[in-house]
Novice: 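Can you keep this structure in mind? I'll have questions shortly.
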Amino acid sequence: MEHSKQTQFSSSDKKDAGASSVVNGHCDGMLKRAAGGSSQPPAAESGSQRPVMESWREDRTRSVEDNEMSLPSLAAAYTTILRGLGEDPQRQGLLKTPWRAATAMQFFTKGYQEKIIADVLNDAIFDEDHDEMVIVKDIDMFSMCEHHLVPIFGRVHIGYLPNKRVLGLSKLARIVEIYSRRLQVQERLTKQIAVAITEALQPTGVGVVIEATHMCMVMRGVQKMNSKTVTSTMLGVFREDPKTRDEFLTLIRS
């Protein structure tokens with residue numbers, strides 16, 4: 001693993017190791033620090049906005065029926081975008097583009113249609129007398145940056161110490177899929193995955209590390225082609241015990 005990633009991992013020995021940590025210039029998306037040094041949630045711009053810290057609690061907010069009903073308006077919005085770009089939506093190559101783009105965006109964000117408990121966990125939690133670390137690494141992840149609506153892609157590494165209960169291994173990947181297929185920031189996504197596993201299993205500890213490329217950095221702005229962002233969330237013994245944390249980080253690098 002590159003030196004920058006090793007630096008990121010070693011910083012977890014600090015006091016706030018359990019918080020979502022970041023490299024490559026990305027600030028912590030969970031909580032902004034005020035100028036005076038105290039941590040305060042970002043001020044809501046309207047009464048309808050919810051604190052970012054509560055976003056991991058959100059479950060299904062869109063149904064298949066909602067998709068069908070919203071498709072025409074989404075397609076119309078893409079038609080407007082094409083005109084705004086100086087294109088002719090009626091030319092042959094673009095005639096069906098608004099509908100294709102609308103259905104593609106619904107697929108990219110299909111995580112809003114699923115619930116962790118009902119659609120993923122279901123009967124996949126098993127009583128098992130196993131107390132050694134369980135790790136699933138290199139889970140492919142695709143998401144959409146909520147700031148620019150362009151792709152984020154990378155890999156997710158998950159580890160947990162069971163407390164008499166284990167989760168079907170494929171379900172860890174499914175949890176990643178649900179939360180990543182929403183408009184996201186990587187910091188929040190990392191914490192959502194860790195908290196979901198913690199609430200489902202009540203394990204001794206959970207560790208989640210995400211390494212990802214953000215196309216908003218590659219295609220626009222600073223245009224750094226090889227930049228990667230690494231975020232981590234450590235809960236329970238992964239946060240409290242440096243030896244457990246180091247074992248997890250060593251194993252995902254191997």
Side-chain angles (χ1 to χ4, degrees), residues 1 5-23 28 30-31 53-59 111 114-141 154-181 184 186-212 230-254:
M1 187 167 291
K5 296 175 188 172
Q6 294 173 343
T7 301
Q8 168 65 20
F9 292 149
S10 64
S11 67
S12 61
D13 289 335
K14 297 180 181 179
K15 180 179 179 181
D16 59 349
S20 293
S21 48
V22 199
V23 295
D28 189 336
M30 295 290 104
L31 204 61
M53 285 290 287
E54 296 299 316
S55 62
W56 62 267
R57 297 181 181 275
E58 295 175 2
D59 261 326
E114 299 175 286
K115 296 180 71 172
I116 294 293
I117 294 177
D119 300 331
V120 176
L121 302 183
N122 208 6
D123 297 324
I125 297 177
F126 308 101
D127 294 329
E128 192 69 39
D129 188 18
H130 180 78
D131 59 1
E132 297 295 329
M133 193 177 298
V134 176
I135 294 178
V136 177
K137 65 178 186 176
D138 296 326
I139 302 171
D140 289 330
M141 178 276 295
R155 299 179 299 170
V156 181
H157 315 293
I158 299 173
Y160 71 94
L161 273 174
N163 184 16
K164 305 300 183 182
R165 297 200 300 174
V166 298
L167 182 65
L169 295 179
S170 66
K171 302 305 181 182
L172 295 173
R174 291 278 287 118
I175 290 174
V176 171
E177 179 77 0
I178 287 181
Y179 283 125
S180 63
R181 293 293 188 171
Q184 280 289 11
Q186 184 174 330
E187 299 90 336
R188 182 196 308 142
L189 174 60
T190 311
K191 184 165 187 177
Q192 285 176 324
I193 295 168
V195 172
I197 296 168
T198 298
E199 292 209 329
L201 295 178
Q202 297 298 310
T204 305
V206 173
V208 177
V209 173
I210 299 182
E211 309 168 61
V230 181
T231 51
S232 67
T233 294
M234 304 291 169
L235 302 177
V237 70
F238 281 73
R239 175 175 185 169
E240 299 159 1
D241 181 8
K243 290 184 178 180
T244 302
R245 183 168 60 249
D246 290 345
E247 179 185 353
F248 168 62
L249 296 176
T250 298
L251 287 171
I252 66 173
R253 288 197 296 261
S254 62

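Source: prediction; values computed, not measured. Numbers for residues simply follow the sequence, beginning at 1.
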Novice: Look at the side chain of R245 and the backbone N and O of R239, then say whether any donor-acceptor pair between them is shorter than 3.5 Å.
Specialist: yes
Novice: So does E114 pair up with R174, basic N to acidic O under 4.0 Å?
Specialist: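 Counted as a salt bridge, because a side-chain N and a carboxylate O are separated by less than 4.0 Å.
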Novice: Can you measure from CD1 (I158) to CD1 (I175) and round to the nearest 0.5 angstrom?
Specialist: 7.0 Å
Novice: For atom CG of D129, is the number of surrounding heavy atoms from other residues, nucleotides or ligands below 6.0 Å larger than 12?
Specialist: no
Novice: Can you find a heavy atom in the side chain of T198 that is under 4.5 Å from one in the side chain of Y160?
Specialist: no
Novice: Looking at CZ of F126 and CZ of R165, how far apart are the two atoms once the value is rounded to the nearest 0.5 Å?
Specialist: 12.0 Å
Novice: For F238 and T204, what are the C-alpha separation, side-chain angles and deciding distance, and is it a side-chain contact (heavy atoms from CB on, under 4.5 Å)?
Specialist: CA-CA 8 Å; F238 281 73; T204 305; over 6 Å; no
Novice: Any side-chain heavy atom of M133 within less than 4.5 Å of one from P162?
Specialist: no
Novice: Measure the spacing between CD1 of I178 and CG of L189 and express it to the nearest 0.5 Å.
Specialist: 12.0 Å
Novice: Measure the NZ-CG distance between K137 and L251 for me, rounded to the nearest 0.5 Å.
Specialist: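 If we round to the nearest 0.5 Å, K137:NZ and L251:CG are 7.5 Å apart.
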Novice: Report yes if the side chains of E177 and I139 come closer than 4.5 Å at any heavy-atom pair, otherwise no.
Specialist: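 Result no, sub-4.5 Å side-chain heavy-atom pair not found.
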Novice: Of all heavy-atom pairs between I125 and A200, which one has the smallest distance, and what is that distance?
Specialist: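 Distance-wise, the nearest heavy atoms are CD1-O, 3.6 Å.
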Novice: Could you check if a side-chain atom of F248 sits within less than 4.5 angstrom of a side-chain atom of V209, using non-hydrogen atoms only?
Specialist: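 With C-beta onward as the side chain, the pair touches.
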Novice: Start with the C-alpha gap between I135 and H157, add the side-chain angles, then the distance that decides, and say whether side-chain contact (heavy atoms from CB on, under 4.5 Å) holds.
Specialist: CA-CA 7 Å; I135 294 178; H157 315 293; 5.8 Å; no
Novice: Is it true that the side chains of T231 and Q186 contain a donor and an acceptor less than 3.5 Å apart?
Specialist: yes
Novice: Of V176, T190, I252, D138, which meets side-chain contact (heavy atoms from CB on, under 4.5 Å) against V156?
Specialist: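 Only one of V176, T190, I252, D138 forms a side-chain contact (heavy atoms from CB on, under 4.5 Å) with V156, namely V176.
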Novice: Do V166 and L201 pass the side-chain contact (heavy atoms from CB on, under 4.5 Å) test, and can you show the C-alpha distance, the side-chain angles, and the key distance before you say yes or no?
Specialist: CA-CA 7 Å; V166 298; L201 295 178; 5.9 Å; no
Novice: Just how far is it from atom OG1 of T250 to atom CD of E247, taken to the nearest 0.5 Å?
Specialist: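 T250 OG1 to E247 CD: 8.0 Å, rounded to 0.5 Å.
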Novice: Return the CD to OG distance between E211 and S232, rounded to the nearest 0.5 Å.
Specialist: 11.0 Å
Novice: I210 vs I193, test: side-chain contact (heavy atoms from CB on, under 4.5 Å). Steps then yes/no.
Specialist: CA-CA 10 Å; I210 299 182; I193 295 168; 4.2 Å; yes
Novice: Can you tell me which residue among L161, L167, L169 is in a side-chain contact (heavy atoms from CB on, under 4.5 Å) with V134?
Specialist: L169
Novice: Salt-bridged, D140 to R155, with N to O below 4.0 Å?
Specialist: no
